[in-house]
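Note sheet for the following structure.
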Amino acid sequence: MARPRNFDEERAVEAAMRAFWTAGYEATSTQDLCEATGLGRSSIYNTFKSKHDLFERSLRRYMDLKTGGYTSLLEGPGTVRGKITELLRRMIDDETGDGLGCLVVNTAVELAPRDPEVAALLERDYRRRLEVLRAAFEAGRRDGEIAPDRDPVEMAHFIIATISGIRVAARSGAERATLEAVASAALRAF
């Protein structure tokens, strides 16, 4: 008979997510995960099967949190310009806060080129963000806030690329004023 688990699996995933976010997949050892989660090696492998499995669960958790917040903002009340301005402000706050960057961007650079499962997770998350942005721009176009000749899909791709670029610039040491200047330029594009 299997012993019952004496830990909160979701808290363990959250702790592992922070460890992966801090150091990246390759640099996070099983010992690092044991220390972060407070679990023994056997508990980690019995519950999560592998480091890769735990990483995928951690990445999904991160994407649910971040993309969920993104979705709530963009589907909420207000103008599309106001929503995009707030989205960029929050993202810059995140980037200039803890210095960890974005787990999605970090993973895209570190793992996506050689890990098809992770690449598929990242693609699904991208499509989710693209759709919510497209819908926001479409609503802005319908409401007359966005010019009728502007393509909502192109604008959505542009904002996603701008966000990724700002995140990479922040990780490379760009100051807040620089990140804000990039955000301002992006806002002038529509």
Side-chain angles (χ1 to χ4, degrees), residues 2-73 87-130 132-133 159-176 178-179 182-183:
R3 287 187 338 192
R5 290 193 183 130
N6 294 336
F7 63 90
D8 180 339
E9 197 169 305
E10 288 308 308
R11 287 178 67 189
V13 170
E14 181 83 23
M17 179 186 76
R18 292 289 298 177
F20 288 124
W21 192 3
T22 300
Y25 177 77
E26 294 294 337
T28 303
S29 68
T30 303
Q31 184 59 40
D32 294 331
L33 294 170
C34 290
E35 290 170 12
T37 62
L39 300 175
R41 196 174 291 266
S42 64
S43 292
I44 287 177
Y45 285 109
N46 288 335
T47 303
F48 303 107
K49 299 179 190 81
S50 68
K51 175 183 166 181
H52 193 272
D53 180 59
L54 179 53
F55 177 76
E56 284 187 15
R57 288 199 43 195
S58 298
L59 181 60
R60 279 191 210 98
R61 171 103 174 114
Y62 179 89
M63 290 186 301
D64 287 346
L65 290 170
K66 294 297 183 173
T67 303
Y70 196 103
T71 300
S72 295
L73 172 65
L87 177 66
L88 294 171
R89 185 199 61 77
R90 287 181 188 180
M91 188 265 311
I92 290 169
D93 286 349
D94 286 350
E95 291 303 319
T96 56
D98 59 21
L100 294 177
C102 173
L103 184 57
V104 168
V105 171
N106 297 349
T107 300
V109 172
E110 180 184 9
L111 292 179
R114 65 181 192 286
D115 189 323
E117 292 90 9
V118 168
L121 284 173
L122 294 170
E123 177 64 21
R124 278 193 299 274
D125 185 62
Y126 185 93
R127 292 288 162 207
R128 190 173 156 204
R129 289 179 286 127
L130 181 70
V132 75
L133 275 164
I159 292 300
I160 291 170
T162 299
I163 288 170
S164 295
I166 289 172
R167 289 188 185 284
V168 170
R171 289 292 296 222
S172 299
E175 294 181 3
R176 183 180 188 96
T178 301
L179 305 178
V182 171

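Keep in mind that what you see is a predicted model, and the values were worked out from it rather than measured.
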Which heavy atom of Leu122 sits nearest a heavy atom of Ala108, and at what distance?
CD1-CA, 3.7 Å

Between the side chains of Ser43 and Asn46, is a donor N or O closer than 3.5 angstrom to an acceptor N or O?
no

Note: Glu123-Arg127 ion pair, threshold 4.0 Å (strictly below)
yes

Arg128-Thr67 side chain donor-acceptor pair, cut-off 3.5 Å
no

Shortest non-hydrogen contact from Leu33 to Ala16?
CD2-CB, 4.0 Å

Can you tell me how far apart CD1 (Ile163) and OH (Tyr70) are? Round to the nearest 0.5 Å.
4.0 Å

Is Leu39 close to Cys34 at the side-chain level, that is, under 4.5 Å between some pair of heavy atoms?
no

Report the relative orientation of the aromatic rings in Tyr25 and Phe20; use parallel for angles under 30°, tilted for 30 to 60°, perpendicular for over 60°.
parallel

For Met17 and Arg61, which heavy atoms make the closest approach, and how far apart are they?
SD-CG, 3.9 Å

With the threshold set at 4.0 Å, does a side-chain nitrogen-carboxylate oxygen contact exist between Arg57 and Glu10?
yes

Any side-chain heavy-atom pair from Glu110 and Asp115 closer than 4.5 angstrom?
no

Of all the heavy-atom pairs spanning Ala36 and Ala19, show the shortest one and how long it is.
CB-CB, 4.0 Å

Can you find a pair of side-chain heavy atoms, one from Arg171 and one from Cys102, that are under 4.5 Å apart?
no

Please determine whether a side-chain nitrogen of the Lys or Arg among Arg90 and Asp94 lies less than 4.0 Å from a carboxylate oxygen of the Asp or Glu.
no

When you compare the side chain of Glu117 with that of His52, does any pair of heavy atoms fall below 4.5 Å?
yes

When rounded to the nearest 0.5 angstrom, what distance separates OG1 in Thr47 from CD in Glu9?
5.5 Å

Does this structure show an ion pair linking Arg60 with Asp64, if we count only N-O contacts that are shorter than 4.0 Å?
no

Side-chain heavy atoms of Thr107 within contact of Tyr62, under 4.5 Å
no

Over all atoms of both residues, closest heavy-atom pair of Thr37 and Ala12:
CG2-O, 3.4 Å

Side chains of Asp93 and Arg176, heavy atoms from C-beta outward: is any pair under 4.5 Å?
yes

What distance do Trp21 atom CH2 and Glu14 atom CD have between them, rounded to the nearest 0.5 Å?
8.5 Å

With a 4.5 Å heavy-atom cut-off, do Val104 and Arg129 have their side chains touching?
yes

Closest approach of Asn106 to Gly101 (non-hydrogen atoms, all atoms of both residues)
ND2-C, 4.5 Å

